[in-house]
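These numbers were taken from a predicted model, which means no experiment stands behind them. Order of the sequence lines fixes the chain letters, A, B, ..., with proteins taken first and strands second; residue numbering starts at 1 for each chain.
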Protein chains: 2
Amino acid sequence: MKADPAPTDPAGPACPPGLPAVAMAGPASHAVSRVARLHRIAAGKVLKGVGLYPGQEFVMMHLWEAGPVRQSELIKAVELDPSTVTKMLQRLEQAGHVRRRPDPADRRAVLVEASDASCGLLAQVERAWGELERHTLAGLDEDERAELLRLLAKVEENLCTETAECPERRAAQG
Amino acid sequence: MKADPAPTDPAGPACPPGLPAVAMAGPASHAVSRVARLHRIAAGKVLKGVGLYPGQEFVMMHLWEAGPVRQSELIKAVELDPSTVTKMLQRLEQAGHVRRRPDPADRRAVLVEASDASCGLLAQVERAWGELERHTLAGLDEDERAELLRLLAKVEENLCTETAECPERRAAQG
DNA sequence: ACCCATTTCTTGGCCGACCAAGGTAATCTT
DNA sequence: AAGATTACCTTGGTCGGCCAAGAAATGGGT
């Protein structure tokens, strides 16, 4: 085994090293994965000063924007798995960023809202998020930015539909 | 606090619903996050039939390609945290996809190689990865694909350098 | 009224991924 | 040769994220 069916074959590879096999099998997928990881790390850094972990900003943003909402509504909004949101909210609550109370109108539902203390973070998060955006798009002119957004939207559409069929699809228009 | 109690507030919002605040604060970052998540889910689906979890394909690809390698070499190649690779390898080993043995030449190092049985997966993984790529890029013509790749590369470069300074930077050229 | 389906949330389990800290072995320094 | 530094890997902890399965309440159908 141990390859030799392999790229770095004795005779000398057709393609120069530096291009891993995975990059050849799917350059765009490879790029997406790499960018995603780096972007998440960068998000973690700018959010660190705010006391949030990457991913939580989406939840908090929605809560700041929408006020007290039913948890199911929040789940639809952020388009994450319910269990993910549950655990995230448990941590956010413990950190004092969020308050939860049972919905009087529907005893199985839970109302969620941003804590008073957390509201001071809104501006910080927006600043951090803006910095992340600037850092991400540095060196891209307006056309390139627009094009990137357009292409990413297309890719998102692809990944949502077709064979994979996105779990929460029609949540968009509300 | 609590913004204005209600989600659909009485006065009517300044901006139409459907554009979450987070999308306004950083549209590209938002798009990257969403695409990343969907892409990972899609990867998980195509890899499920192969018995791999998303992320593991990078490791396996490198092992198939390079044969037995020192773990540190593998870590540099996939550009992940050492602890991440360690735990991943433990699971891959337990699943029978990978073999590990101490390096006789350096008693603190570990040699890793793809198991004989795993080599049958190479073709499947490449097919799955190809399918993922096709799915991701569906509806994009050649120019758009090239442009997307170019822009993602620029973004990756951005996120690697500057304020964030990518942990494993010079690993590129070898 | 009753039973069944649906909605809503939680729990447990598992993975990828990070950081921080530790232990061992090789290497560099003095 | 002894000591300090570095390289290599592991462990433990924490998070986001998924799935599968479950408890609880609501709502519909007959």
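- Contact of the A:Arg37 side chain with the B:Leu80 side chain is registered, since non-hydrogen atoms from C-beta on lie closer than 4.5 Å.
- Of the candidates B:Leu89, B:Val50, B:Leu63, B:Leu121, B:His97 forms a side chain to side chain contact (heavy atoms under 4.5 Å, CB included) with just one, namely B:Leu121.
- Atom pair B:Ile75:CD1 and C:dA17:P shows a separation of 13 Å (rounding to whole Å applied).
- DNA chain D is contacted by both A:Tyr53 and A:Pro82; A:Tyr53 maps to the nucleotide lying nearer its 5′ end (nearest heavy atom per residue).
- By the side-chain contact (heavy atoms from CB on, under 4.5 Å) test, B:Val46 pairs with B:Ala128, B:Glu131, B:Leu132, sequence neighbours left out.
- When rounded to the nearest whole Å, the span between CD of B:Gln56 and P of C:dC14 equals 14 Å.
- Computed from coordinates, the B:Gln71 CD to C:dT24 P distance equals 18 Å when rounded to whole Å.
- We find that CG of B:Leu38 is positioned 9 Å from P of D:dC18, with the value rounded to whole Å.
- Comparing C:dC9, D:dG12, D:dG16 by their nearest atom to the side chain of B:Lys87 picks out D:dG12.
- Scored by the side-chain contact (heavy atoms from CB on, under 4.5 Å) test, A:Glu144 finds A:Leu140, A:Asp141, B:Arg150, B:Leu151, B:Lys154 as partners (sequence neighbours excluded).
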I'd like a list of close polar pairs between nucleotides 22-27 of chain D and the protein, N/O only, cut-off under 3.5 Å.
from, atom 1, to, atom 2, distance (Å)
D:dA25, OP1, A:Arg107, NH2, 3.4
D:dT26, OP1, A:Arg107, N, 3.4

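- OP1 or OP2 of D:dC18 sits under 4.0 Å from a side-chain N or O of A:Thr84.
- Of all non-hydrogen atoms in B:Pro27 and A:Leu149, the two that sit nearest each other are CB-CD2, 3.7 Å.
- OP1 or OP2 of C:dC18 lies within a sub-4.0 Å distance of a side-chain N or O belonging to A:Arg37.
- Distance B:Gln90 CD to C:dC15 P: 11 Å, rounded to the nearest Å.
- Computed from coordinates, the B:Asp81 CG to C:dG22 C1' distance equals 15 Å when rounded to whole Å.
- Rounded to a whole Å, the NZ atom of B:Lys48 is 10 Å from the C1' atom of D:dA20.
- When heavy atoms are screened at a 4.0 angstrom cut-off, B:Thr86 is found touching base atoms of the nucleic acid.
- Below the 3.5 angstrom threshold, one finds a donor paired with an acceptor across the side chain of B:Ser83 and the base of C:dC19.
- Considering only side-chain N and O atoms, A:Arg91 lies under 4.0 angstrom from the phosphate OP1 or OP2 of D:dC15.
- The pair B:Arg70-B:Asp106 meets the salt-bridge criterion, with a side-chain N (NZ, NE, NH1 or NH2) lying under 4.0 Å from an Asp/Glu carboxylate O.
- Note on A:Glu113 versus A:Arg100: no salt bridge recorded, every NZ/NE/NH1/NH2 to OD/OE distance being 4.0 Å or above.
- Place B:Val110 and A:Gly55 on DNA chain D by their nearest nucleotides, and B:Val110 ends up nearer the 5' end.
- Within 4.0 Å of B:Ser72, counting heavy atoms only, lie sugar-phosphate atoms of the nucleic acid but no base atom.
- B:Gln94 has its CD atom 16 Å from the P atom of C:dG13, to the nearest Å.
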